[in-house]
Undergrad: 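Have a look at this one before I ask anything.
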Amino acid sequence: MAQPLGTIETATASKSPLLGSLVEQLRLRHYSPRTIQTYVSWVLRYIRFHGRRHPRELGREHVEEFLSSLAIQSNVSASTQNQALAAIGFLYRDVLNLPLEDTEALARAKRPVRLPVVLTRIEVKRLIGEMDGTPQLVAMLLYGAGMRVLECLQLRVKDIDFGQHQILIRGGKGNKDRITMLPTVAESILRKHLDEVRLTHARDLRRGGGRVDVPGALGRKYPKASTEFRWQWVFPPARTHIDLETRELRRHHTHATVIQRAVAEAVRCAGLLKRATCHTFRHSFATHLIEDGYDIRTVQELLGHTDVRTTMIYTHVLNRGGRGVRSPIDAL
């Protein structure tokens, strides 16, 4: 969904033909707003690293120098270095029409294999119990449906299917749609929450607002869609904002940092020693399903993983079946 990014990088892009072309090509290929912001940021950093020289004046050796600096001087992680290479590679290939030769031979860092942090069921219960309101409901869905935090916050009212007890996740990672379950324990709480959202939406309409961003060209094709309740965010924020382009009174969805701060505070109050974040609920969801004997392919589908090998990492905590190994000291 093309949205104003509202960042310093975007403001800079509007003044630079090169960065403006970069944003245009990214949007043309339906990259997410967050990815666009990240790519613009990396290209800016690359240009500044080489004394603000135009990338046409730079070549493969300059890219290698920049990537090496990230790894040695900045000590960034492998995934961060690869992200920078992806952004710069896109600039040369799709904007400047000067594809870098043999990009696989560039200083592409190898990502280490890390085991995810997983909470026990008791720890999940304690953590969710330390929360309330919208953050608690979001946490229930993160753990109960295996969603990423932005997937949850970007839910529309129409994506919740109480009749089928399922949630439709649109435009997830990799711009893929998928269906996951609607936890029974969260249904009544979610219904009550949506009743409050409906009242807020009605008040906004009376004030001349009640609009939200709608995907792609639907706003032009269906002008009234942005004010329909079914298109409203499931988790709207308390504040409204004035859209810079249309000058309309709108609501965006709750920002991810609101939930992230609430989870961090809950971890502190619960006294957990594990480094738990919003994504830890998703890890715990997958691990507990596998512990309960659900097929790995089913878990893969619920998580939206393209490759089952990504899902296989959650089998590291299995304590049953052929993978269950008992320590010899326990037999003494």
Undergrad: Does the side chain of S41 pick up a donor-acceptor pair with the side chain of T38 at under 3.5 Å?
TA: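 T38 and S41 do not have a side-chain donor-acceptor pair below 3.5 Å.
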Undergrad: Taking everything shown except R29 itself, do over 12 heavy atoms lie less than 6.0 Å from its CZ?
TA: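 Result for CZ/R29: enclosed.
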Undergrad: Can you see whether W233 has R156 sitting over its ring - NZ or CZ less than 6.0 Å from the centre and within 45° of the normal?
TA: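 Yes, R156 sits over the ring of W233.
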Undergrad: Should I179 and L155 be regarded as members of a common hydrophobic cluster, given that ILVMFWY residues are connected when their side-chain heavy atoms come within less than 4.5 Å of each other, either directly or indirectly?
TA: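 Different clusters: I179 never reaches L155 through Ile, Leu, Val, Met, Phe, Trp or Tyr contacts under 4.5 Å.
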Undergrad: So, R191 versus S188: side-chain donor-acceptor pair below 3.5 Å or not?
TA: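 R191 vs S188: no donor-acceptor pair found between side chains.
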Undergrad: Decide, yes or no, whether a salt bridge links R126 with E130 under the criterion of side-chain N to carboxylate O below 4.0 Å.
TA: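 Judged by the 4.0 Å cut-off on N to carboxylate O distance, R126 and E130 do not form a salt bridge.
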Undergrad: Taking only residues two or more places apart in sequence, or in another chain, which ones meet K158 in a salt bridge (Lys or Arg N to Asp or Glu O under 4.0 Å)?
TA: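 Salt bridge (Lys or Arg N to Asp or Glu O under 4.0 Å) list for K158, sorted by chain: empty.
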Undergrad: Tell me whether the centres of the aromatic rings in H193 and F235 are closer together than 6.0 Å.
TA: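 Centroid distance H193-F235: below 6.0 Å, so yes.
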Undergrad: Judged by modelled atom types alone, do T257 and H255 share a side-chain donor-acceptor pair under 3.5 Å?
TA: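 The answer is yes; a qualifying pair exists.
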Undergrad: For the residue pair H201 and F229, does the interplanar ring angle fall in the parallel (under 30°), tilted (30 to 60°) or perpendicular (over 60°) class?
TA: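 Tilted.
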Undergrad: Taking the six-membered ring for Trp and the single ring otherwise, decide whether the centroids of H50 and Y46 are under 6.0 Å apart.
TA: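 Ring-ring flag for H50/Y46: true, centres closer than 6.0 Å.
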Undergrad: Please confirm whether Y143 and H288 have ring centers closer than 6.0 angstrom.
TA: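 Yes; H288 has its ring centre under 6.0 Å from that of Y143.
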Undergrad: Among side-chain atoms of K176 and T306, is any donor-acceptor pair under 3.5 angstrom?
TA: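 The criterion, which ignores hydrogens and geometry beyond distance, is satisfied for T306 and K176.
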Undergrad: Would you call the rings of Y39 and Y31 parallel, tilted or perpendicular if under 30° counts as parallel and over 60° as perpendicular?
TA: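 Geometry flag for Y31 against Y39: tilted rings.
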